[in-house]
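Before any comments, here is the structure.
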Amino acid sequence: MSQQINLFNPIFLKQKKIFTSVAMLQALAVLLVGTLALGWYARQSIGALQQEVDASAAQLERKKTRLASVKAEFVPRGKSRELAARIDAAEAELKGLREVAAVLQRGQFGNTEGYAEYFRAFARQSMGGLWLTAVSIAGAGAEIGVQGRALQPALVPNFIGRLTAEPVMQGKTFDSLQIKQAQLRNPGAAASEAAPYVEFALQSSAAPAAPGAPAK
């Protein structure tokens, strides 16, 4: 009887060393350098972020301080009774002035521009041989009385036509006209040498003014 004996044992084969001690040291060194670089970058990033956080916090504190200062400077004050009373008085005065202005604009107080323009109109229409002795103006110019004398009766209607053409007399008419004959005696002259003239009276109201009535 025969028997085979296997003398092959894998442990006796030459083993191939994949990770040598040198390679492992190199890998460890690379890993260590990478770890250190990553830590340094992380620290730099954290430092930059921390600076931003600190700057934002400082700015926020400054704003809070400024807000507190503004609040302390502009503290809401209580309503002053004296100031409120003065405001009410001023508003009442303004309201009264507006009401007066409205009344004046409506002409409820008559003529608010004076009578100077009427007398300028009379002065512009002066005529030779005709002169005025009295003028009366009442209200807003609705009642006008004119008295005068003329050497010729024909001068009176001519004077009236020219006078009513004045801008201030537009829309105004004379309701009555009185004319009477008179004589103007020169001192030292005889009665036969007296110069004849007429006296006239114009009135824009219903009640005519009598010749010789005093001016208002």
M127 versus N158, closest heavy-atom pair with distance = CE-ND2, 3.5 Å
Heavy-atom closest pair (Q147 atom, A201 atom, distance to 0.1 Å) is CG-CB, 4.2 Å
Do Q178 and L202 have side chains that get closer than 4.5 Å, going by heavy atoms?
-> no
Which pairs of donor and acceptor atoms, one on a side chain in residues 45-56, lie under 3.5 Å apart (sequence neighbours left out)?
residue : atom : partner : partner atom : Å
S45     : OG   : Y41     : O            : 3.1
Q50     : NE2  : D54     : OD1          : 3.0
S56     : OG   : E52     : O            : 3.0

Could you grab the distance from atom NZ of K64 to atom CD of E61, nearest 0.5 Å is fine?
-> 5.0 Å
N/O donor-acceptor pairs under 3.5 Å from side chains in residues 82-92, not counting sequence neighbours:
none

Looking at A121 and V168, what are the two nearest heavy atoms and their distance?
-> CB-CG1, 3.9 Å
Is there a side-chain contact between F122 and E166 (heavy atoms, below 4.5 Å)?
-> no
Quickly, which of T133, L155, V156 forms a side chain to side chain contact (heavy atoms under 4.5 Å, CB included) with F200? Name it, please.
-> V156
Non-hydrogen atoms of F119 and V135 that approach each other most closely | CE2-CG1, 4.0 Å
More than 12 heavy atoms of other groups within 6.0 Å of R124 CZ = yes
Begin from the C-alpha positions of L151 and L130 and carry the test side-chain contact (heavy atoms from CB on, under 4.5 Å) through to its verdict.
-> CA-CA 7 Å; L151 297 178; L130 184 145; over 6 Å; no
One should read off an interatomic distance between L163 CG and F174 CZ, to the nearest 0.5 angstrom, of 5.0 Å
Q181 versus Y197, closest heavy-atom pair with distance | NE2-O, 3.3 Å
One should read off an interatomic distance between R62 CZ and L67 CG, to the nearest 0.5 angstrom, of 14.5 Å
Do you know the tightest heavy-atom contact between T164 and Q170?
-> O-NE2, 3.6 Å
Short question: side chain of S69, backbone of T65 - any donor-acceptor pair under 3.5 Å?
-> no
I160 versus L177: any side-chain heavy-atom pair under 4.5 Å?
-> yes
Members other than L36 in its cluster, when Ile, Leu, Val, Met, Phe, Trp, Tyr link by side-chain heavy atoms under 4.5 Å?
-> L32
